[in-house]
There are 2 protein chains.
Amino acid sequence: MKQAAKVMTLADIARLAGVSESTASRALRDNPVINAQTRQKVQQIAADHQFKVNATARSLRTQKSHTIAVIILFDAKTQQAISDPFLLDILGVIADELTAKGYDMLLSTSKTTDKDWRSYYFDSKRADGLIVIGQGEHDARVDQLAAAGVPFVVWGATTGTEPYPVIGSDNRQGAQQAVAHLVKQGCQRIAFLGDIRHTEIEMRYLGYQDALQAANIKAEPALQLNTDFTAQAGYLQTQQALFSQLSSLDGIFAASDAIAMGAMKALLEHGIKVPQQVAIVGFDDIAMSAYCTPSLTTVKQDTHAGGQLLVAQLLSRINGGKAASQLLPVKLVDRQSSLRNST
Amino acid sequence: MKQAAKVMTLADIARLAGVSESTASRALRDNPVINAQTRQKVQQIAADHQFKVNATARSLRTQKSHTIAVIILFDAKTQQAISDPFLLDILGVIADELTAKGYDMLLSTSKTTDKDWRSYYFDSKRADGLIVIGQGEHDARVDQLAAAGVPFVVWGATTGTEPYPVIGSDNRQGAQQAVAHLVKQGCQRIAFLGDIRHTEIEMRYLGYQDALQAANIKAEPALQLNTDFTAQAGYLQTQQALFSQLSSLDGIFAASDAIAMGAMKALLEHGIKVPQQVAIVGFDDIAMSAYCTPSLTTVKQDTHAGGQLLVAQLLSRINGGKAASQLLPVKLVDRQSSLRNST
DNA sequence: AAGCACACTGCAATCGATTGCAATAGATCA
DNA sequence: TGATCTATTGCAATCGATTGCAGTGTGCTT
């Protein structure tokens with residue numbers, strides 16, 4: 001068998017079928033002006049020879065790459081590789097969704113030090129549009145994208161004033177629910193672990209304040225501790241800040257499940273009972289949250305809807321339509337880490 | 001400001017600089033035959049106008065995409081989206097590594113039902129090479145790749161006979177260490193949770209048997225339970241199989257940390273003490289393993305070295321060299337879930 | 001002064017597919 | 001029979017950058 005002869009080109013197929021390249025091209029794309037028989041014959045020959053259209057040539061000619069660049073932003077400080085389980089979740093959904101729509105996905109983990117990805121991905125025609133995940137601390141590059149008219153959507157927090165579409169969870173609502181739940185469990189002094197310099201986390205902090213205010217509890221600024229998204233950060237922050245400075249703490253609201261698990265670990269290690277002495281609620285509902293001990297009460301983000309919406313909005317924008325920002329509802333999931341009067 | 005005028009092409013830059021396209025092209029690529037002054041001038045003009053080479057046109061002409069497709073294989077059954085934290089880890093490393101080497105990364109999550117990605121990614125010139133993660137249950141498509149002469153590397157388990165390069169952890173060694181450790185802690189009846197139809201897991205099972213044999217313990221086939229990679233699977237399997245059928249179980253070796261955590265949850269819920277009554281060891285050392293309670297003893301895979309090696313081998317292969325299979329050493333990390341005589 | 005090497009630069013072909021427009025042939029109509 | 005359609009097909013330009021090869025001009029050699 002003459003395995004892997006030589007890569008076939010459209011010209012080869014056309015020659016074999018005894019037609020011109022134009023006809024071959026049209027036949028392969030199911031263009032109806034081509035005679036049905038001719039079309040079939042060409043397609044048959046193409047299939048027999050495993051012919052695949054050269055994506056590069058097509059892109060050049062059609063000026064469409066059929067590729068979306070997904071950019072995961074990082075913190076200037078931590079510079080950690082993708083590792084938040086939540087990111088992976090949404091990434092998976094986006095990947096599936098893009099595939100279903102016939103798009104390829106170019107993945108980039110952008111250290112903040114990188115040069116600008118607008119020109120890299122868009123101007124150079126590598127991608128037809130961008131999905132940016134995690135605004136983080138407000139990134140000027142996102143504004144530039146908008147100004148340059150690049151089709152893109154952002155996963156993150158919306159203030160309602162951004163000149164670009166943002167899809168994200170209703171962080172404030174979710175946090176408010178979470179903290180109200182803690183209050184209902186009898187918590188009076190609740191710490192907030194999360195870096196409010198991230199817009200999303202800032203929203204969660206506002207929700208935290210909303211809930212406290214509604215319960216007539218004064219928010220103590222000292223109870224808000226900037227903490228990175230990792231379990232390690234939650235652990236260390238709890239050890240260092242919470243133990244040394246604060247007593248009578250009876251609740252913790254963490255800005256991510258990872259932070260919450262780290263904090264829980266620190267508490268348990270020191271013999272503090274969860275939830276009896278300190279109740280904990282996280283945010284995200286990653287897969288592991290149901291399986292730690294005690295299992296973690298958390299605010300579930302709808303990653304499935306999020307991913308779908310990101311893709312749908314972006315493609316609509318690319319195809320000449322409009323893309324709108326949208327806030328996704330979240331849902332509190334009660335588990336053991338916060339339930340004091342459970343059965 | 002006449003923002004975003006029109007996308008510049010090489011021809012535009014050449015005209016502005018008063019040189020031919022050839023000269024402009026050479027100048028931008030720092031070709032030394034071009035006079036230094038000319039080169040500078042062209043580069044200056046290009047920079048002023050934010051000119052970016054059209055990647056598509058370049059690819060077409062040079063026949064190189066400078067893109068690597070990373071394919072994540074899934075189980076025929078579970079069909080779950082990327083979610084194993086371990087995958088995310090290694091994916092992050094690969095992304096960074098490829099970026100550093102000037103390659104783009106096309107990510108694909110391949111459901112087993114998908115058509116073949118050889119033609120899609122390689123024949124169509126979308127990528128110069130492939131990285132396949134997770135052979136899973138031996139996939140015939142991987143063999144086809146090899147037969148077709150496509151440059152690619154696989155992350156997984158090597159039997160030493162594959163006709164393609166495989167990079168992976170020394171699963172057998174790692175498992176052997178883990179189980180030997182359990183035996184040393186006094187365990188006599190140790191369950192194995194993991195799906196041995198996956199080659200990597202099969203290797204871990206062999207290591208498990210090695211350790212038992214070395215300790216003169218007979219391996220009971222009934223103690224091996226096929227379990228998917230998730231915490232949920234570990235939880236359910238433990239509830240359903242281990243509780244109902246087996247008594248006097250005193251150790252569990254799980255094929256992944258997620259499984260281990262699920263199993264641990266099930267045990268703790270039933271009032272079984274870990275590690276006193278049942279000691280547990282996992283595999284991977286994902287970030288969360290250190291922060292669950294009790295923290296999880298596990299076998300650490302060197303994702304960093306793995307990702308680097310995958311990329312290095314693949315690029316070497318693409319550039320005409322050879323790529324070789326390699327087994328990476330692993331390391332047992334002692335934590336609370338298995339230490340019975342700890343301080 | 002003629003010959004020649006050297007340093008640049010530009011012409012034109014090329015990568016592979018797509019598409020506007022023209023061309024052909026057979027069919028239909030008056 | 002001649003004119004007008006209609007259904008198909010092909011010609012040739014085009015997308016934007018790269019590169020082999022030929023061309024030009026300057027300076028140096030003898």
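Values below: all heavy atoms of this structure, side chains included; hydrogens, waters and symmetry mates excluded. So that the names make sense, note that chain A is the first sequence line, chain B the second, and so on, each numbered from 1. Keep in mind the model is a prediction, meaning the values are calculated, not measured.
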Item to check | With A:Ala146 via side-chain contact (heavy atoms from CB on, under 4.5 Å) - residues at least two apart | outcome: A:Phe152, A:Pro163, A:Tyr164

Next on the checklist: Reading DNA chain D in the 5' to 3' direction, which nucleotide is the first one with an atom under 4.0 Å from a heavy atom of chain A, and which is the last?
Outcome noted: D:dT8 to D:dG16

Item to check | Minimum side-chain heavy-atom gap B:Arg126-B:Tyr120 below 4.5 Å | outcome: yes

Checklist entry - DNA chain C: B:Arg39 or A:Thr9, which has the more 5' nearest nucleotide? => result B:Arg39

Checklist entry - Heavy atoms, side chains only, cut-off 4.5 Å: are B:Val132 and B:Leu73 in contact? => result yes

Checklist entry - Could you give all pairs that pass the side chain to side chain donor-acceptor pair (under 3.5 Å) test and reach residues 28-44 of chain A, with sequence neighbours left out? => result A:Asp30-A:Gln43

Next on the checklist: Quick one: does any side-chain atom of A:Ser108 pair with a main-chain N or O of A:Ile71 as donor and acceptor, under 3.5 Å?
Outcome noted: no

Next on the checklist: Under 4.0 Å, heavy atom to any atom of DNA chain C: which of residues 23-38 of chain A qualify?
Outcome noted: A:Ser25, A:Arg26, A:Arg29

Item to check | Axis-to-axis angle between the two ends of the helix from C:dA1-D:dT30 to C:dA30-D:dT1 (five base pairs per end, rounded to 10 degrees) | outcome: 60°

Checklist outcome for this item: Under a 4.0 Å heavy-atom cutoff, the residues of residues 56-67 of chain A touching DNA chain D are A:Leu60, A:Arg61, A:Gln63

Checklist entry - Can you name the side-chain contact (heavy atoms from CB on, under 4.5 Å) partners of A:Val53, sequence neighbours left out? => result A:Phe51, A:Arg58

Checklist entry - Rounded to the nearest 0.5 Å, what separation is found between the CG atom of A:Leu91 and the CG atom of A:Leu107? => result 5.5 Å

Checklist outcome for this item: Those residues at least two apart in sequence (or on a different chain) that pass side-chain contact (heavy atoms from CB on, under 4.5 Å) with B:Leu328 are B:Trp155, B:Ile167, B:Ala305, B:Leu309

List, one per line, each side-chain donor-acceptor pair under 3.5 Å for residues 11-20 of chain A, sequence neighbours excluded.
from: A:Asp12; atom 1: OD1; to: A:Arg15; atom 2: NH2; distance (Å): 2.7
from: A:Asp12; atom 1: OD2; to: A:Lys6; atom 2: NZ; distance (Å): 3.2
from: A:Asp12; atom 1: OD2; to: A:Thr9; atom 2: N; distance (Å): 2.9
from: A:Asp12; atom 1: OD2; to: A:Thr9; atom 2: OG1; distance (Å): 3.4
from: A:Ser20; atom 1: OG; to: A:Ser22; atom 2: N; distance (Å): 3.4
from: A:Ser20; atom 1: OG; to: A:Ser22; atom 2: OG; distance (Å): 3.3
from: A:Ser20; atom 1: OG; to: A:Thr23; atom 2: N; distance (Å): 3.2
from: A:Ser20; atom 1: OG; to: A:Thr23; atom 2: OG1; distance (Å): 3.1

Item to check | Non-hydrogen side-chain atoms of B:His66 and B:Asp104 separated by less than 4.5 Å | outcome: no

Would you be so kind as to tabulate the donor-acceptor pairs closer than 3.5 Å made by side chains of residues 313-321 of chain B, with sequence neighbours excluded?
from: B:Gln313; atom 1: OE1; to: B:Ala324; atom 2: N; distance (Å): 2.7
from: B:Ser316; atom 1: OG; to: B:Lys322; atom 2: O; distance (Å): 2.8
from: B:Asn319; atom 1: ND2; to: B:Leu315; atom 2: O; distance (Å): 3.0

Checklist outcome for this item: Residues A:Thr303 and A:Ile90: closest non-hydrogen pair is O-CG1, 4.2 Å

Item to check | Pair B:Glu21, B:Ser25: side-chain N/O donor-acceptor within cut-off below 3.5 Å | outcome: no

Next on the checklist: Can you list everything that forms a ring-ring contact (aromatic ring centres under 6.0 Å, His included) with A:Tyr121? Sequence neighbours excluded, please.
Outcome noted: none

Checklist entry - Does a side chain donor of either B:Thr109 or A:Asp96 reach within less than 3.5 Å of an acceptor in the other side chain? => result yes

Distances under 3.5 Å between nitrogen or oxygen atoms of protein and nucleotides 25-27 of chain C:
none

Checklist entry - For A:Ser22, which contact category applies under a 4.0 Å heavy-atom criterion: base, sugar-phosphate, or nothing? => result base

